[in-house]
Amino acid sequence: MRVDPCFFCGRPAWPSKGITFMRNDGKSFRFCRSKCHKNFKMKRNPRKLKWTKAYRKNAGKEMVVDSTLQFAARRNVPVRYDRELFQKTVKAMERISEIRQRRERIFYKRRLAGKRAREVAAARKLVAENEHLLPRLRGSEKRRLAELAKETGQDVEELEREELAKKAASKKTKAFGGEVKRLRVRTDGGVEEISERVAGGVVEDDDDDDENDFEDVNDDDEMDTD
């Protein structure tokens, strides 16, 4: 069974799956899915699309130079059937795939080495460029913290960070659509707790509220008859 790679993205196109396009000159193109077929018909360059193997190899994100990749080359050489030869070939294919996967893991690990350090450096650069947007302390507060640091022997920067953290924690934000608990006196002398929305709507979950409303309606009817 031969598994051909997709002509556009490079993924494996399994037998009985995907699309095969035959050109007028007799050349066949295998596609793993309709997405690749449509992009091919729109004459798009696979090297410019980030989800293709060609782009990843061109950008240095895939392992290109390795001896295990040479075994995947297509060789149209007829070989007489030999059972032992085919058994050895199948075992060699499994072993080669294991070696290739291990080397790919090592390649990815080396490629991603130092990523955390680069992210930290980029974050520090961003903070340094936009330092004017960060919260600051007033001059009087800085002088007070400097005097306090001299007396206690602490670092001024640590005191400033603690002061900023206290200010940030002391700020209370109101959530939109919050509810307020209130007490209401009923007509029979009882007290019930209701939840009232900030926007003015009242949400009542108790079943007794419906009964009380029904009693109020009956009382109004009796007063009208009198």
Side-chain angles (χ1 to χ4, degrees), residues 1-131 133-134 168 173 175-178 199:
M1 181 180 69
R2 174 173 288 172
V3 180
D4 296 324
C6 178
F7 181 80
F8 194 83
C9 70
R11 292 174 56 186
W14 302 97
S16 74
K17 305 294 181 181
I19 300 171
T20 303
F21 172 71
M22 295 295 296
R23 206 162 56 183
N24 291 335
D25 58 356
K27 186 176 180 180
S28 63
F29 300 88
R30 289 278 290 148
F31 302 103
C32 61
R33 47 188 166 169
S34 60
K35 178 181 178 180
C36 299
H37 187 209
K38 291 177 182 178
N39 282 275
F40 172 77
K41 289 190 294 184
M42 286 189 285
K43 298 183 179 180
R44 289 182 176 172
N45 189 357
R47 293 186 181 89
K48 296 183 180 180
L49 299 176
K50 294 185 178 181
W51 50 274
T52 60
K53 287 280 187 180
Y55 175 87
R56 293 183 61 83
K57 289 180 180 179
N58 194 26
K61 296 184 177 183
E62 290 286 340
M63 186 174 61
V64 181
V65 180
D66 192 74
S67 59
T68 57
L69 300 176
Q70 297 178 1
F71 292 97
R74 187 168 180 173
R75 300 178 181 86
N76 295 323
V77 180
V79 179
R80 188 174 181 178
Y81 177 76
D82 187 358
R83 186 171 184 177
E84 294 182 359
L85 177 62
F86 273 77
Q87 290 178 352
K88 292 180 181 179
T89 303
V90 171
K91 291 181 181 179
M93 289 170 61
E94 295 177 356
R95 179 60 179 165
I96 289 168
S97 63
E98 292 177 0
I99 295 172
R100 186 179 70 253
Q101 290 176 3
R102 186 174 68 252
R103 292 182 180 179
E104 285 178 351
R105 287 196 297 269
I106 296 172
F107 174 80
Y108 295 146
K109 187 176 181 180
R110 290 178 179 175
R111 184 174 66 86
L112 297 176
K115 182 181 178 181
R116 178 61 181 171
R118 289 193 296 269
E119 290 179 352
V120 172
R124 289 179 178 175
K125 182 180 178 182
L126 181 64
V127 172
E129 292 177 352
N130 303 294
E131 190 176 359
L133 300 176
L134 298 175
T173 57
F176 180 76

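In this text, all values refer to a predicted model and were calculated from it rather than measured experimentally.
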Answer whether the closest heavy-atom distance between the side chains of [X] and [Y] falls below 4.5 Å.
{"X": "W14", "Y": "P12", "answer": "yes"}
{"X": "N45", "Y": "L49", "answer": "no"}
{"X": "R110", "Y": "I106", "answer": "yes"}
{"X": "F8", "Y": "R33", "answer": "no"}
{"X": "Q101", "Y": "E98", "answer": "no"}
{"X": "K109", "Y": "R105", "answer": "no"}
{"X": "R95", "Y": "K91", "answer": "no"}
{"X": "F7", "Y": "R30", "answer": "no"}

query = In terms of side-chain geometry, is the basic nitrogen of R23 or D25 positioned less than 4.0 Å from the acidic oxygen of its partner?
reply = yes

On a heavy-atom basis, which atom in [X] and which in [Y] lie closest, and how many Å separate them?
{"X": "G10", "Y": "P5", "result": "O-CB, 4.0 Å"}
{"X": "T89", "Y": "L85", "result": "OG1-O, 2.6 Å"}
{"X": "T20", "Y": "S28", "result": "CG2-CB, 4.5 Å"}
{"X": "V3", "Y": "P15", "result": "CG2-CD, 4.4 Å"}
{"X": "F107", "Y": "G60", "result": "CZ-O, 3.7 Å"}
{"X": "C32", "Y": "R11", "result": "SG-CB, 4.2 Å"}

request  = Mark yes or no for whether T68, through its side chain, and R100, through its backbone, hold a donor-acceptor pair below 3.5 Å.
outcome  = no

ask   = Quick check: does any side chain N or O of N39 sit under 3.5 Å from a backbone N or O of K35, one acting as donor and the other as acceptor?
value = yes

request  = Tell me, please, which residues at least two apart from F86 pass ring-ring contact (aromatic ring centres under 6.0 Å, His included).
outcome  = Y81

Nearest-0.5 Å distance, [atom1] of residue [X] to [atom2] of residue [Y]:
{"X": "L112", "Y": "K61", "atom1": "CG", "atom2": "NZ", "value": "9.5 Å"}
{"X": "K41", "Y": "K38", "atom1": "NZ", "atom2": "NZ", "value": "7.5 Å"}
{"X": "M42", "Y": "H37", "atom1": "CE", "atom2": "NE2", "value": "10.5 Å"}
{"X": "D82", "Y": "K88", "atom1": "CG", "atom2": "NZ", "value": "8.5 Å"}

query = Have E62 and Y55 got a donor and an acceptor in their side chains that come within less than 3.5 Å?
reply = no

inquiry  = Is there a ring pair (Phe, Tyr, Trp, His ring centres under 6.0 Å) between F29 and F40? Walk through the geometry before answering.
reply    = CA-CA 10 Å; F29 300 88; F40 172 77; 5.1 Å; yes

State whether the number of non-hydrogen atoms from other residues, nucleotides or ligands found under 6.0 Å of [X] atom [atom1] is greater than 12.
{"X": "N24", "atom1": "CG", "value": "no"}
{"X": "R47", "atom1": "CZ", "value": "no"}
{"X": "E84", "atom1": "CD", "value": "no"}

request  = Check side-chain hydrogen bond (donor to acceptor under 3.5 Å, both in side chains) between R103 and all other residues, then give those that pass, not counting sequence neighbours.
outcome  = D66, S67

request  = Can you sort out the partners of R83 under salt bridge (Lys or Arg N to Asp or Glu O under 4.0 Å), two or more places apart, ordered by chain and number?
outcome  = none

